[in-house]
Protein chains: 2
Amino acid sequence: MTLVLVPRQKQYRDEQVMLKLGQKIRDKRLQKGFSQAHLANLCNLELSQINRIELGKINTSVSHIFLIAKTLGVKPAELLEF
Amino acid sequence: MTLVLVPRQKQYRDEQVMLKLGQKIRDKRLQKGFSQAHLANLCNLELSQINRIELGKINTSVSHIFLIAKTLGVKPAELLEF
DNA sequence: TTGCTATTAGGCAAATCTGCCTAATAGAAT
DNA sequence: ATTCTATTAGGCAGATTTGCCTAATAGCAA
């Protein structure tokens with residue numbers, strides 16, 4: 001009999017999705033001619049957060065997707081089309 | 001001169017969005033005739049997690065949205081249409 | 001060069017989510 | 001009532017995100 005310590009499963013992150021979403025947001029932002037800082041101000045989010053999302057470093061939430069979509073004047077669903 | 005401790009801003013959560021997303025996922029799941037447990041198995045997610053998402057209690061992530069959409073056989077963007 | 005703006009990087013604490021588990025509740029059918 | 005399945009609830013620790021901040025880097029214009 002041996003006792004084995006089984007590590008917990010990590011949270012699921014799809015880096016492909018994170019990267020693609022970030023690129024999509026960046027595209028829409030640039031179409032509007034906004035800087036990251038400007039978008040952050042309009043959303044009342046931190047610049048660093050916008051940057052992390054665009055770079056695909058974080059697995060952001062539905063609420064943030066809706067907030068950003070609204071600010072960019074696009075449908076939230078559109079940000080997931082890739 | 002007084003020193004004031006300013007509480008940090010809470011994370012942004014749009015409960016309307018969370019609830020609507022949950023309802024949408026539930027609708028699609030029921031259309032497939034799946035139980036929450038079955039969907040959870042297919043996604044390799046916890047049943048409790050599926051339940052919390054459907055009830056709109058949590059502000060879930062893009063990766064999870066894509067995972068669930070794939071399992072339900074719908075486009076991720078479709079889950080954000082409401 | 002200098003100056004200015006934009007982007008990227010990263011640290012830190014607190015908030016939140018997720019995985020994992022058990023249990024309670026609801027509802028239907030027998 | 002009992003049994004069975006489905007849903008809901010909730011606790012807990014660890015992982016991740018977020019808010020807040022400062023700084024470094026890139027790029028461009030004058």
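In what follows, chains carry the letters A, B, and so on, assigned in the order in which the sequence lines appear, proteins first and then strands, with residues in each chain numbered from 1.
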*asked:* With rounding to the nearest 0.5 angstrom, report the OG to CD distance, S61(B) to Q11(A).
replied: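 S61(B) OG to Q11(A) CD: 8.0 Å, rounded to 0.5 Å.
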_C43(A) SG to H38(A) NE2 distance, which is reported to the nearest 0.5 Å_ =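 With rounding to 0.5 Å, SG (C43(A)) is 10.0 Å from NE2 (H38(A)).
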*asked:* Could you work out, with side-chain hydrogen bond (donor to acceptor under 3.5 Å, both in side chains) as the rule, every residue matching Q31(B), not counting sequence neighbours?
replied: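 Here no residue qualifies.
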*Please list, chain by chain and in numerical order, all residues satisfying side-chain hydrogen bond (donor to acceptor under 3.5 Å, both in side chains) with Q16(A), sequence neighbours excluded.*
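Partners of Q16(A) under the side-chain hydrogen bond (donor to acceptor under 3.5 Å, both in side chains) test: none.
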Separation of atom [atom1] in [X] from atom [atom2] in [N], rounded to whole Å:
{"X": "Q49(A)", "N": "dG19(D)", "atom1": "CD", "atom2": "C1'", "answer": "8 Å"}
{"X": "I68(A)", "N": "dT17(D)", "atom1": "CD1", "atom2": "P", "answer": "14 Å"}
{"X": "N44(A)", "N": "dC20(D)", "atom1": "CG", "atom2": "C1'", "answer": "13 Å"}
{"X": "I58(B)", "N": "dT16(D)", "atom1": "CD1", "atom2": "P", "answer": "16 Å"}
{"X": "R8(A)", "N": "dA15(D)", "atom1": "CZ", "atom2": "C1'", "answer": "7 Å"}
{"X": "I50(A)", "N": "dC20(D)", "atom1": "CD1", "atom2": "C1'", "answer": "15 Å"}
{"X": "K10(A)", "N": "dG14(D)", "atom1": "NZ", "atom2": "P", "answer": "14 Å"}
{"X": "E46(A)", "N": "dT17(D)", "atom1": "CD", "atom2": "P", "answer": "17 Å"}

*S63(A) side chain to R13(B) main-chain N or O, any donor-acceptor pair under 3.5 Å?*
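It does not hold such a pair.
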*More 5' along DNA chain D: Q9(A) or Q9(B), using each one's nearest nucleotide?*
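So the residue in question is Q9(A).
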*5'-most contact on DNA chain D: R52(B) or R29(B), nearest heavy atom basis?*
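Nearest nucleotide further toward 5': that of R29(B).
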Name the atoms and distances for all side-chain donor-acceptor pairs under 3.5 Å in residues 64-82 of chain B, with sequence neighbours left out.
unit_1: T71(B); atom_1: OG1; unit_2: L67(B); atom_2: O; d: 2.9
unit_1: E78(B); atom_1: OE2; unit_2: K28(B); atom_2: NZ; d: 2.6

Determine, using the 4.5 Å side-chain heavy-atom cutoff (strictly less than), whether [X] and [Y] are members of one ILVMFWY cluster.
{"X": "L19(A)", "Y": "I53(A)", "answer": "no"}
{"X": "L45(B)", "Y": "M18(A)", "answer": "no"}
{"X": "I25(B)", "Y": "L47(B)", "answer": "no"}
{"X": "L39(A)", "Y": "L55(A)", "answer": "no"}

*Mind grabbing the angle between the end helix axes of the helix from dT1(C)-dA30(D) to dT30(C)-dA1(D)? Five pairs an end, 10° rounding.*
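The angle, to the nearest 10 degrees, is 40°.
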*OP1, OP2 of dT17(D) versus side-chain N and O of R13(A): anything below 4.0 Å?*
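So the side chain of R13(A) is within the cut-off, an N or O lying under 4.0 Å from OP1 or OP2 of dT17(D).
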*Considering only heavy atoms, which members of residues 30-41 of chain B lie under 4.0 Å from some atom of DNA chain D?*
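Output list: S35(B), Q36(B).
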*Would E54(A) and R29(A) count as a side-chain contact (heavy atoms from CB on, under 4.5 Å) if you check the C-alpha gap in whole Å, the side-chain angles of each, and the deciding distance to 0.1 Å?*
CA-CA 10 Å; E54(A) 284 194 2; R29(A) 172 177 65 79; 2.6 Å; yes
*May I ask you to check whether Q49(B) and R52(B) show a side-chain donor-acceptor distance below 3.5 Å?*
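Yes, side-chain donor-acceptor contact under 3.5 Å.
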*Along DNA chain C (nearest heavy atom to each residue), the more 5'-positioned of K57(B) and P7(A)*: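 The residue whose closest nucleotide sits nearer the 5' end is K57(B).
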*Mind checking which nucleotides bracket the chain B contacts on DNA chain C, 5' to 3', with an atom under 4.0 Å from a heavy atom?*
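Endpoints of the contacted stretch of DNA chain C: dA13(C) to dC21(C).
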